[in-house]
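Read the structure below first, then the notes.
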Amino acid sequence: MVKVITYGTYDLLHYGHIKLLERAKALGDYLIVGVTADDFDKTRGKINVQQSLMERIEAVRATGLADKIIVEEYEGQKIDDIRRYGVDIFTVGSDWVGKFDYLNDYCKVVYLPRTEGISSSEIRAEKRKIRLGLVGENPLLLKHLNESVFVNGVEVTAVYSENAEILKEVNEKIENCKSFESLLGKCDAVYLVSVPRQHEKQIRKAIDAGKHVLVESPIATNPEIVRELFELARQHQVILMESIKTAYATAYDRLLLLIKSGKIGQVVSIDSVCTSLREKAPTLEERNHVWSGFEAWMPTALLPIYQLLGTTDCTEQFVSSFYDQQQHYDRFTQMNLIYPNAVATARVGMGVKAEGQLVISGTKGYVYVPAPWWKTDYFEVRFENQTDNKRYFYQLEGEGIRYEIAAFIRAINSVVNVSSIEEDVSIKIADAFDKYRRGDGLVKIG
Ligand code: C2G
């Protein structure tokens, strides 16, 4: 019996895929089809896959051409599979010519002509590209601009910024708008990275104009307003999504799942530290568009705390802030949160450097994420008995920003909010800002 193997993502299964599978089957008597796992696709740069692994497997199964379907999860797996299943022929489309010649050491390699004129990318692109407008003075705007090119189905068309340094970096193909209103006329969706106090007004205008909104955290600095804005977005059938790039890092997502499944027992303490230095403290004028330490970092530092310990049971919140009174600028802030069965500390700073790690302690063990934990690609689960310790690594591309943009575009196209940040977490983050602003539980030093 001649065994044939072939691999693919098979997203939005189309005629080209089916032709390939038919010809692959015709090369032998038994066809094995390897369907790529989501993580594996991410590591090979395919981040726009629309269907889940199960949907893609089902589509391949429905062709009736595969005698066996397997999942491709890691680099080098093809060699393993060929040996394990006693494969005689490896085949793949001609777009891969030469790439798999190394498999000739294990079986025969056949490149089949690719069907012209059809591809998953084209099917995805048939939907008109989402025109994205970028708004704000924070240099994060440029990171989003650069990362958006990795995401299919989106194109940055306009920018509105009062920061001349940022505008210098934006190429002339992108329209430099003189006002927020004119930007709204040039796009379908906006990414806001203006200072938090401008968010509410801008979000309302954008939603009223029927635009989707991705907004750098916090959505607003008052929990009631955030609740209202989510409601407004629902009424207008647009997506409102909070942006914290860490939430889209695969390692961070896996870490949450691992802890929620009880790996370290009950969580009793979370210590989260996020700091960065800046060249010089902002002047009073600059404060109008410069983010303070609390604004820039607190949402990220609070994210694992609210996502793991919840948003309803937090009984107390004490904050000490090293505050530059003259410049109205917080340099270093520590927030202590008390839950019925757990405590947490979020420590953030701008203009202060500390070990930016995340430690989550439980009754059976703890999770350690080394600095800078907000760009997580690696973490360890540690136990009393060191031989039980485990290390986890998940490739992170573009600090998570491109995954976040991809999630935003997917949400827009499916009109379902697929945000990795739950609404109650967004509201609670706004609540922390509100309390801080009102001086509730706050001790200022410096
Ligand atoms: N294909 C084709 N004609 C098309 C489109 C795709 O013959 N118009 C073939 C591809 O060459 C591939 C298979 O259909 O053999 C699956 O295509 P994709 O889902 O795009 O998967 P791909 O990224 O090519 O993955 O490591 C190799 C991969 O797993 C192949």
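Everything quoted here is computed from the prediction, not taken from an experiment. Every number for a ligand or one of its atoms is a count from 1 in the order of the listing.
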Inset, instruction - For this output row, return yes or no: ring centroids of Trp297 and Trp291 closer than 6.0 angstrom. - result: no

Inset, instruction - Give, for atom CE of Met241 and atom CD1 of Ile244, the distance between the pair rounded to the nearest 0.5 Å. - result: 11.0 Å

Inset, instruction - Report yes or no: does Tyr111 contribute a side-chain atom to a donor-acceptor pair with the main-chain N or O of Gly98 at less than 3.5 Å? - result: yes

Legend entry - Near-ring test Phe393/Tyr378, centroid separation under 6.0 angstrom: no

Legend entry - Distance, nearest 0.5 Å, that separates CG of Leu184 from NZ of Lys205: 8.0 Å

Inset, instruction - Below 4.0 Å from any atom of ligand 1, which residues have a heavy atom? Give them in chain and number order, please. - result: Tyr7, Gly8, Thr9, Tyr10, His14, Gly16, His17, Leu20, Arg44, Lys46, Glu72, Lys78, Val92, Gly93, Asp95, Trp96, Phe100, Arg114, Thr115, Ile118

Inset, instruction - Find the distance between CG (Asp377) and CD (Gln395) and round it off to the nearest 0.5 Å. - result: 7.0 Å

